[in-house]
Amino acid sequence: MQNGNVIRPRKPLPRRVFAYGEFIPLLRVFNEIGIEEILSELCRDSDAQIIKMLACNRVLRPLALQNVGSWAEGTILAKESKLHLSPKTLTSFMQRLGESSIPAHFVEKFSGKHQHIDSLVYDITSLSSYSQLNNLLEYGYSRDGDDLPQFNLSLAVDRKMGIPLMYDIYPGSISDVSTMHNSIKKIKSMGLDFSALVLDRGFFSANNISELVSQKIGFIIGAPFQLKEVKGAISKTHASIEEARHMHLYEKKPIFVTDVTVNVGEMKLDGFIYYDMKREQEEKTHLYTRLHETIQQLEGITLQSWMNPQSVFEETAKDLRQYLSYSIKENRFTIEAKQNAIAQRVNRMGRMVLLHSGDFSWQECLSVYRQKDIVEKNFRALKTSILQSPLHAQKAECVKGWIFILYLALMIHFRLMYMMRKSGLLEKYSVETLFIELEKLKKVELENGELITAEVTKKQRVILEALGLCA
């Protein structure tokens with residue numbers, strides 16, 4: 001009361017608003033799978049906070065390093081940890097992280113927490129860079145089809161959880177065969193206990209198979225159709241595989257399966273041939289549609305005097321050029337389809353050959369192999385939502401630091417997907433749309449310094465309760 005008048009106390013006004021809701025599931029994952037604990041053992045608290053911030057940025061809103069600091073200022077993480085991340089500070093930190101033993105020790109400790117797993121899915125991708133100063137970069141086979149120098153990244157992923165347990169970086173010129181050889185050594189040294197290594201047909205070679213067998217590593221691997229014995233096995237069973245005795249139901253759909261034994265060098269590998277009628281029809285439709293479109297495109301080109309017809313043909317037909325031939329009349333292509341080559345391709349459609357070492361049924365082989373797309377999803381997430389590729393980092397140490405941050409981001413991303421799938425949220429939301437809903441939930445700092453949480457909406461509450469979280 002003042003001068004006989006009642007004075008109502010003025011409520012503190014909002015001073016700043018911080019991003020909060022989208023961090024709730026990320027921080028839970030950080031703690032739940034042990035990232036927080038391991039980082040606290042390996043580095044000082046301020047460095048662990050920077051790593052956490054960078055990994056969250058890669059999952060939520062990947063930005064160039066010079067822009068991360070501005071984004072971080074508006075987050076609850078920066079407020080609570082008092083982080084001030086200038087471009088110079090972050091560049092220096094990334095180089096220091098790449099030079100340190102933190103990434104290697106983290107992988108060792110993290111894999112040590114996941115010793116007993118179902119199966120490891122292993123694959124390799126290439127990452128390109130515009131940098132001319134990075135001694136990791138070499139020219140090699142590019143899986144992205146660009147002409148930039150690159151380095152190779154391998155991932156070994158727990159099939160059941162979808163989490164990458166380990167990764168490794170190799171110069172771009174090193175072959176997949178050599179890369180796998182070194183990765184197997186690393187996997188063995190870490191003592192990972194798994195029932196099978198799941199490999200794409202790109203890893204199929206007598207040397208790789210021999211090494212896996214000699215080291216008594218169980219595996220399931222796709223067999224390439226180019227292999228003479230695989231071709232023979234498919235031809236031999238082409239007519240009989242549709243017999244009723246080979247018919248089974250897999251995920252409520254008919255599939256035909258027959259045993260096969262294939263010689264690889266001096267070894268004999270057991271396996272299965274699978275035939276899926278629906279897949280065969282889909283593959284035929286896709287091939288013939290592409291052939292038709294490519295023929296029309298080629299025959300619509302008017303060749304100029306400065307054009308090289310062979311180069312134009314190859315650039316236009318791409319991977320279909322082996323099924324087409326051409327002649328030139330009045331500066332135009334006349335295209336003919338190679339019926340024998342097309343027939344050979346069609347005869348393989350809907351068919352797959354899986355070979356294995358270990359006691360696996362046809363169901364187990366098929367189920368495990370189909371889930372190799374876990375690694376492919378990891379790579380897609382890495383190159384799209386998590387990684388701004390091609391990389392612009394100038395030094396090898398910075399690249400190594402970045403890859404460690406990306407590795408953590410992949411773990412968080414796919415662990416969150418696992419939580420969403422288990423709770424049923426994945427039927428309604430993608431990871432991205434879930435973040436869009438949660439990022440509306442803010443922390444508000446009042447004039448007196450107090451932090452309060454804004455009102456939680458019904459949708460946000462449903463999401464957080466489904467994930468076992470609270471605002």
Side-chain angles (χ1 to χ4, degrees), residues 123 125-126 128 141-148 200-202 204 222-228 230-242 246-247 250-251 253-258 273-354 366 369-370 372-373 376-377 379-380 383-384 389:
D123 207 349
T125 193
S126 53
S128 305
Y141 166 63
S142 174
R143 294 158 183 83
D144 295 328
D146 57 44
D147 295 323
L148 295 171
D200 189 77
R201 61 172 62 94
F204 197 98
F225 293 125
Q226 294 83 357
L227 198 66
K228 183 179 178 180
V230 172
K231 279 184 182 178
I234 290 175
S235 297
K236 187 177 179 181
T237 61
H238 200 275
S240 63
I241 197 167
E242 285 191 69
H246 297 309
M247 187 182 72
Y250 182 78
E251 296 179 348
K253 297 176 183 177
I255 190 167
F256 297 86
V257 186
T258 186
I273 298 177
Y274 301 86
Y275 170 55
D276 184 330
M277 293 182 297
K278 182 180 178 182
R279 182 180 164 192
E280 178 188 36
Q281 191 56 50
E282 290 171 349
E283 290 178 353
K284 281 183 179 180
T285 300
H286 182 65
L287 175 64
Y288 288 131
T289 301
R290 288 188 62 211
L291 282 170
H292 178 74
E293 291 172 348
T294 302
I295 290 171
Q296 283 194 322
Q297 186 179 357
L298 283 164
E299 292 185 339
I301 296 172
T302 300
L303 294 167
Q304 305 298 321
S305 59
W306 50 268
M307 290 181 175
N308 181 321
Q310 182 64 25
S311 297
V312 174
F313 172 76
E314 291 180 356
E315 289 171 7
T316 305
K318 297 183 174 66
D319 59 309
L320 296 180
R321 61 185 182 274
Q322 60 185 306
Y323 305 113
L324 303 171
S325 63
Y326 71 89
S327 58
I328 299 173
K329 185 177 181 181
E330 297 179 353
N331 296 327
R332 303 293 287 266
F333 284 114
T334 299
I335 305 296
E336 287 193 17
K338 297 180 180 178
Q339 295 303 327
N340 288 340
I342 293 172
Q344 288 181 20
R345 170 80 176 268
V346 168
N347 285 340
R348 301 196 304 258
M349 288 182 173
R351 289 163 173 80
M352 177 172 63
V353 179
L354 298 181
L366 183 59
Y369 191 75
R370 281 190 173 178
K372 70 181 175 62
D373 67 345
E376 293 166 5
K377 286 178 181 176
F379 284 145
R380 282 198 296 274
K383 292 184 178 183
T384 54
S389 185

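Atom set for the values below is all heavy atoms of this structure, side chains included, hydrogens, waters and symmetry mates excluded. Fair warning: this is a prediction, and the values are worked out from it, not measured in the lab.
Side chains of Arg290 and Asp319 form a contact here, defined as non-hydrogen atoms less than 4.5 Å apart. No side-chain heavy atom of Val257 sits less than 4.5 Å from a side-chain heavy atom of Leu366. Contact of the Ile342 side chain with the Tyr288 side chain is registered, since non-hydrogen atoms from C-beta on lie closer than 4.5 Å. Considering only heavy atoms from C-beta on, Met349 comes within 4.5 Å of Arg345 through its side chain. Side-chain contact between Leu291 and Leu324: present, with at least one pair of heavy atoms (C-beta onward) separated by less than 4.5 Å. You'll find the side chain of Leu287 reaches within 4.5 Å of the side chain of Val346, heavy atoms only.
Between Glu242 and Phe256, the shortest heavy-atom contact is O-CE2, 3.4 Å. Of all heavy-atom pairs between Pro309 and Phe333, the closest is O-CZ, 3.5 Å. A pairwise comparison of heavy atoms in Thr316 and Thr294 identifies O-CG2, 4.2 Å as the closest pair.
One distance of note links CD1 of Ile234 with CZ of Phe225; it measures 4.5 Å at 0.5 Å rounding. Considering CG of Leu298 and CG of Leu320, their distance stands at 9.5 Å, rounded to 0.5 Å. With rounding to the nearest 0.5 angstrom, the CZ atom of Phe313 is 10.5 Å from the CD1 atom of Ile328.
Counting non-hydrogen atoms of neighbouring residues, nucleotides and ligands closer than 6.0 angstrom, the CG atom of Asn308 exceeds 12 such neighbours. Other residues, nucleotides and ligands place more than 12 heavy atoms under 6.0 Å from the NE2 atom of His238.
For Arg351, the salt bridge (Lys or Arg N to Asp or Glu O under 4.0 Å) partners at least two apart in sequence or on another chain are Glu280. Scored by the side-chain hydrogen bond (donor to acceptor under 3.5 Å, both in side chains) test, Gln304 finds no partners at all (sequence neighbours excluded).
Among residues at least two apart or in separate chains, there is no salt bridge (charged side-chain N to carboxylate O under 4.0 Å, His left out) pair with a member in residues 322-335.
A donor-acceptor contact shorter than 3.5 Å links the side chain of Glu283 to the backbone of Gly350. Under a 3.5 Å cut-off, the side chain of Lys253 and the backbone N or O of Tyr250 do not form any donor-acceptor pair.
Side-chain atoms of Glu314 and Gln310 include a donor-acceptor pair closer than 3.5 Å.
Partner of Tyr275 under the side-chain contact (heavy atoms from CB on, under 4.5 Å) criterion, out of Thr258, Ile255, Ile241: Ile241 alone.
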